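In what follows, a structure is listed as structure tokens, so that the remarks can point back to it.
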Number of protein chains: 2
Amino acid sequence: MAENAADQGTSSAGRPTRPDLAAMLVPLGRALTAMEQPVLDAHGLAMWAYSVLLHLDETPIRTQAALAETIRADKTRIIPVLDDLAARGLIRRQPDPEDRRVRLLSLTPEGRRLRDAVQSDIQRGEERLLARLPAADRGGFLRGLQALHALPELSPRKAADGR
Amino acid sequence: MAENAADQGTSSAGRPTRPDLAAMLVPLGRALTAMEQPVLDAHGLAMWAYSVLLHLDETPIRTQAALAETIRADKTRIIPVLDDLAARGLIRRQPDPEDRRVRLLSLTPEGRRLRDAVQSDIQRGEERLLARLPAADRGGFLRGLQALHALPELSPRKAADGR
DNA sequence: AGTATTAATAGGCATGCGCTTACGATCTGC
DNA sequence: GCAGATCGTAAGCGCATGCCTATTAATACT
């Protein structure tokens with residue numbers, strides 16, 4: 001006994017060969033977010049506001065609640081964000097003629113300009129980081145990340161309603 | 001001049017070919033964390049407690065403050081966590097004979113057992129996710145992730161004190 | 001017409017967390 | 001042996017966030 005064999009469960013248990021994914025992903029996410037912050041500050045954008053600008057225009061978004069859900073924000077908490085963005089002329093919020101309860105959201109040209117400028121800034125910083133990766137792994141890392149990001153099981157809300 | 005050309009910045013700006021890294025990493029981290037939660041609950045461990053168990057024993061940790069820093073916890077906030085872990089016999093907290101201010105932290109055998117069991121469970125779930133990746137990208141993804149995770153610039157605290 | 005639903009909005013409650021202060025015990029330098 | 005720094009600990013402030021309720025306007029169901 002006390003042997004350091006490796007079989008002790010269903011699969012290859014024992015001492016793992018890598019840290020938990022979350023243990024790497026979460027700090028990385030934090031670090032990336034911290035890198036973004038100064039850029040956002042420079043443009044007077046909060047993280048939520050940037051998130052709104054990003055997701056507006058990518059997908060046709062109808063209601064504010066739907067937007068909130070896609071960016072995983074609280075329905076009631078983005079309202080001040082939208083107020084601010086609209087007041088600054090970065091988004092438009094017109095009542096839907098077909099259903100006058102909903103406000104149709106869209107990016108204004110200035111909104112798109114700002115979004116593009118900020119995103120370029122941010123991705124420029126990210127590229128500096130990616131450059132640190134061995135070239136052989138860079139592509140796989142990015143593809144893997146995008147693939148996981150696209151998995152529906154990882155979106156808790158969608159995964160729940162299987163009907 | 002409303003042409004939809006793509007050059008408009010310093011480098012390859014315009015519409016980016018991928019989402020921001022943080023925009024993928026952060027939700028992924030959240031999803032992974034959510035996947036871990038039931039496992040942790042099943043073992044009666046909170047996230048901070050698990051984090052402590054993980055990092056104890058990997059590196060020789062002397063002071064509680066040092067532990068707190070490595071797991072990015074607040075010095076004062078892990079104390080109840082340590083209290084609980086010690087009360088459950090998962091860690092030991094003996095006064096250092098050389099400096100009786102500091103408590104030497106170590107994993108008990110039960111602590112190590114629990115940590116290994118939980119981590120196997122967690123990584124088993126993660127492997128199910130990784131299996132969804134194209135085999136060609138899986139290795140690069142993991143290596144890239146580990147490489148970025150190991151970068152010192154991404155640890156805000158260490159990066160700051162360059163002196 | 002009359003009731004139930006849904007969108008947007010406001011407000012409030014509870015939680016978790018980072019940060020700060022305070023304090024006793026202990027160590028170190030002078 | 002005293003002053004200042006350090007460790008562990010307690011307590012509290014403030015912010016961001018998730019969640020829940022209520023209100024109002026508009027739509028849908030019957």
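Please read all numbers here as calculations on a predicted model, not as lab measurements.
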Check: protein-nucleotides 10-13 of chain C nitrogen or oxygen pairs below 3.5 Å:
unit_1, atom_1, unit_2, atom_2, d
C:dG11, O6, A:Thr76, OG1, 3.4

Reckon [X] has a side-chain N or O less than 4.0 Å from the OP1 or OP2 of [N]?
X        : N      : answer
B:Arg93  : D:dT9  : yes
A:Arg103 : C:dT9  : yes
B:Trp48  : C:dC17 : yes

Rounding to a whole Å, what distance do you find between [X]:[atom1] and [N]:[atom2]?
X        : N      : atom1 : atom2 : answer
B:Glu69  : C:dG18 : CD    : C1'   : 14 Å
B:Ile78  : C:dG18 : CD1   : P     : 11 Å
A:Leu105 : C:dA8  : CG    : C1'   : 11 Å
B:Gln94  : D:dC7  : CD    : P     : 19 Å
B:Ile91  : D:dG8  : CD1   : C1'   : 13 Å
A:Leu82  : C:dA7  : CG    : P     : 15 Å
B:Lys75  : C:dC17 : NZ    : P     : 18 Å
B:Arg30  : D:dT17 : CZ    : P     : 9 Å

Which side-chain N or O atoms in residues 21-30 of chain B pair as donor and acceptor under 3.5 Å with protein atoms at least two apart or in another chain?
none

Pairs under 3.5 angstrom only: tabulate donor-acceptor contacts from the side chains of residues 134-147 of chain B to other protein residues two or more places apart or in another chain.
unit_1, atom_1, unit_2, atom_2, d
B:Asp137, OD1, A:Arg143, NE, 3.0
B:Asp137, OD1, A:Arg143, NH2, 3.2
B:Asp137, OD2, A:Arg143, NE, 3.4
B:Arg138, NE, B:Leu130, O, 2.9
B:Arg138, NH2, B:Leu133, O, 2.8
B:Arg143, NE, A:Asp137, OD1, 2.9
B:Arg143, NE, A:Asp137, OD2, 3.4
B:Arg143, NH2, A:Asp137, OD1, 3.2

Extract all donor-acceptor atom pairs below 3.5 Å that involve side chains of residues 34-42 of chain A and protein atoms in other chains or at least two apart in sequence.
unit_1, atom_1, unit_2, atom_2, d
A:Gln37, NE2, A:Asp41, OD1, 3.1

| request: Using five pairs at either end of the helix from C:dA1-D:dT30 to C:dC30-D:dG1, determine the angle between the two local helix axes and round it to 10 degrees. | output: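 The end axes of the helix from C:dA1-D:dT30 to C:dC30-D:dG1 are about 20° apart, to the nearest 10°.
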| message | For a 4.5 angstrom cut-off between non-hydrogen side-chain atoms, does B:Leu105 reach B:Gln64? | response |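 Yes, close enough: below the 4.5 Å cut-off.
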Suppose we screen for salt bridge (Lys or Arg N to Asp or Glu O under 4.0 Å). Which residues come up paired with [X], at least two apart in sequence or across chains?
X        : answer
B:Arg128 : none
A:Arg88  : A:Asp84
A:Asp96  : none

| field | By side chain to side chain donor-acceptor pair (under 3.5 Å) - contacts of A:Glu127 (at least two apart) | value |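 Per chain and number, A:Glu127 pairs via side chain to side chain donor-acceptor pair (under 3.5 Å) with B:Arg18.
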| said: Run the side chain to side chain donor-acceptor pair (under 3.5 Å) test against B:Thr76 and tell me which residues pass, sequence neighbours left out. | reply: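 Scan of B:Thr76 (side chain to side chain donor-acceptor pair (under 3.5 Å), adjacent residues dropped) gives B:Asp74.
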| said: Restricting to ring pair (Phe, Tyr, Trp, His ring centres under 6.0 Å), what partner residues turn up for A:Tyr50, sequence neighbours left out? | reply: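 A:Tyr50: no ring pair (Phe, Tyr, Trp, His ring centres under 6.0 Å) contacts found.
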Extract from the structure each pairing of a protein N or O with an N or O of nucleotides 26-30 of chain D at less than 3.5 Å, listing the distance.
unit_1, atom_1, unit_2, atom_2, d
D:dA26, OP1, A:Arg100, NH2, 3.4
D:dT27, OP1, A:Arg100, N, 3.4

| field | N-O pairing of A:Arg113 and A:Asp116 below 4.0 Å | value |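 Salt bridge flag = no for A:Asp116 with A:Arg113.
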